Amino acid sequence: MPILAFIGAGNMAEAIARGLLRAAVYQPAEMLAADPSADRQRLFSDELGLRCVSGPEAIVPQADIVILAVKPFVLADALRQIKPLLKPGALIISIAAGISAQFIEQALGENRRVIRVMPNTPMLAGKGMSALAKGSFAAEHDLIVAERIFAAAGKTVRVPEAAMDAVTAVSGSGPAYVFFLTEAMAQAGVTLGLTELQALQLARETVIGAAALLEQSRDAPAELRRKVTTPNGTTQAAIESMQAQHFPAIISQALTAAAKRSKELEQKPEASSQ
């Protein structure tokens with residue numbers, strides 16, 4: 001099995017590693033990680049059984065696959081660190097939002113094979129959604145290797161790299177929108193007379209249940225909404241209120257803002273932050 005190394009041991013790297021271990025795609029001895037945080041080093045070592053060190057020097061020379069799991073604003077520095085350490089044929093997989101495969105290829109040189117991936121945090125629950133795009137020098141086999149890694153903790157889809165900003169807006173940042181909606185529903189419940197505990201439980205379980213129904217049903221979201229919306233009933237009153245406040249337009253504007261920020265990260269990767 002090719003040795004896999006994580007540069008960065010944050011939440012997404014943890015989600016990927018847990019998925020690979022849970023699906024028995026990789027064993028702990030076949031994965032390595034580097035992160036400056038002592039807390040993250042302990043978590044990877046104690047909970048996952050992976051060797052996790054402070055810097056890339058001890059792990060990158062051994063790696064056949066390197067997953068770049070650092071924040072966009074430190075990626076350029078990370079690339080400078082790993083460039084002289086990489087094996088000649090190592091596959092590079094980046095999950096840094098907004099940073100193009102071309103930027104990574106130019107930083108590393110030598111026609112490095114790069115796969116760009118935009119996963120999301122539900123990978124921590126084995127319900128991730130990851131979009132993959134290959135760089136200029138990557139081959140079909142490289143995409144298959146990357147798909148196998150990310151499919152261990154969710155589902156995958158291939159997209160052209162030009163679509164990655166849209167993927168980031170819809171899926172990469174998407175879980176936060178759902179959490180924000182849940183938070184707003186709970187707050188409204190308190191305003192209507194529920195206790196905080198009651199309102200949060202009702203909102204949380206409703207979102208979980210609706211997501212499960214969306215997953216299991218063959219119906220489109222619009223049809224599922226129609227089925228729960230009784231004419232002249234309470235749901236219709238709520239939906240009409242949302243429409244009057246231009247809710248679809250608000251969502252569209254929010255995703256457009258996210259996609260715009262993703263483009264900005266690509267234009268100035270060394271000065272960016274999430």
Side-chain angles (χ1 to χ4, degrees), residues 2-17 20 31-37 40-41 44 50-120 130-139 141-143 145-147 149-150 159-165 167-168 172 261-274:
I3 298 298
L4 187 156
F6 294 95
I7 306 303
N11 289 333
M12 287 309 309
E14 178 188 347
I16 297 166
L20 291 169
M31 293 188 285
L32 306 166
D35 196 288
S37 167
R40 298 307 295 180
Q41 292 172 36
F44 267 62
L50 274 64
R51 182 187 178 202
C52 188
V53 296
S54 61
E57 297 81 7
I59 65 167
V60 171
Q62 305 175 54
D64 302 294
I65 302 170
V66 176
I67 296 184
L68 301 171
V70 298
K71 298 293 186 183
F73 68 99
V74 299
L75 181 61
D77 185 55
L79 292 172
R80 282 190 289 267
Q81 290 183 53
I82 70 170
K83 181 178 180 179
L85 306 171
L86 289 167
K87 282 185 175 182
L91 173 63
I92 310 300
I93 299 175
S94 172
I95 64 170
I99 309 300
S100 69
Q102 182 182 26
F103 177 85
I104 298 169
E105 291 163 353
Q106 290 176 346
L108 295 179
E110 300 182 13
N111 295 347
R112 286 289 179 183
R113 291 147 44 234
V114 176
I115 300 293
R116 185 176 168 192
V117 184
M118 176 47 59
N120 60 17
S130 300
L132 297 86
K134 64 179 182 178
S136 302
F137 309 107
H141 174 71
D142 299 321
L143 265 178
V145 169
E147 283 174 331
I149 291 170
F150 288 85
V159 300
E161 191 176 8
M164 274 297 192
D165 294 323
V167 170
T168 300
R261 181 56 178 152
S262 180
K263 290 182 183 294
E264 292 171 351
L265 293 178
E266 182 174 348
Q267 292 166 2
K268 296 181 180 180
E270 295 192 49
S272 65
S273 62
Q274 286 186 312

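Counting begins at 1 with the first residue of the sequence. What you see is a predicted model, and the numbers here were worked out from it, not measured in a lab.
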All side-chain contact (heavy atoms from CB on, under 4.5 Å) counterparts of Gln41, not counting sequence neighbours: Cys52, Ser54
Audit row: Val70, Asp77, side-chain contact (heavy atoms from CB on, under 4.5 Å) steps and yes/no: CA-CA 10 Å; Val70 298; Asp77 185 55; over 6 Å; no
Gap separating the CE atom of Met12 from the CZ atom of Phe150, nearest 0.5 angstrom: 7.0 Å
To the nearest 0.5 Å, tell me how far Ser130 OG sits from Ile93 CD1. 10.5 Å
Are any non-hydrogen side-chain atoms of Phe44 and Asp35 less than 4.5 angstrom apart? no
Among residues two or more places apart or on two chains, list those pairs meeting salt bridge (charged side-chain N to carboxylate O under 4.0 Å, His left out) that have a residue in residues 87-104. Asp64-Lys87
Separation between CD1 of Ile115 and CD1 of Ile67, rounded to the nearest 0.5 Å: 11.5 Å
Residues in side-chain contact (heavy atoms from CB on, under 4.5 Å) contact with Ala107, at least two apart in sequence or another chain: Leu79
Is there any salt bridge (charged side-chain N to carboxylate O under 4.0 Å, His left out) pair reaching into residues 5-15, and which pairs are they, with sequence neighbours excluded? Glu14-Arg18, Glu14-Arg40
Please name the pair of heavy atoms, one in Ile59 and one in Ala33, separated by the smallest distance, quoted to 0.1 Å. CD1-C, 3.5 Å
Tell me every residue that passes side-chain contact (heavy atoms from CB on, under 4.5 Å) with Pro36, counting only those two or more places apart in sequence or in another chain. none
Any pair counted as salt bridge (charged side-chain N to carboxylate O under 4.0 Å, His left out), so long as it reaches residues 96-116, sequence neighbours left out: Glu110-Arg112, Arg113-Asp142, Arg116-Glu161
When rounded to the nearest 0.5 angstrom, what distance separates CG in Leu68 from CG in Leu108? 7.5 Å
Any chance you could lay out the side-chain contact (heavy atoms from CB on, under 4.5 Å) test for Val60 and Leu32, step after step, and finish with the verdict? CA-CA 9 Å; Val60 171; Leu32 306 166; over 6 Å; no
The salt bridge (charged side-chain N to carboxylate O under 4.0 Å, His left out) partners of Lys83 (sequence neighbours excluded) come to none
Side-chain donor/acceptor pairs under 3.5 Å, residues 94-104, sequence neighbours excluded:
from	atom 1	to	atom 2	distance (Å)
Ser94	OG	Ala96	N	3.3
Ser100	OG	Phe103	N	3.0

Contacts of Asp165 that satisfy salt bridge (charged side-chain N to carboxylate O under 4.0 Å, His left out) - sequence neighbours left out: Lys263
Tell me, do Thr168 and Leu265 make a side-chain contact under 4.5 Å, heavy atoms counted? no
List the atom of Val53, the atom of Arg51, and the distance in Å for their closest heavy-atom pair. CG1-NE, 3.8 Å
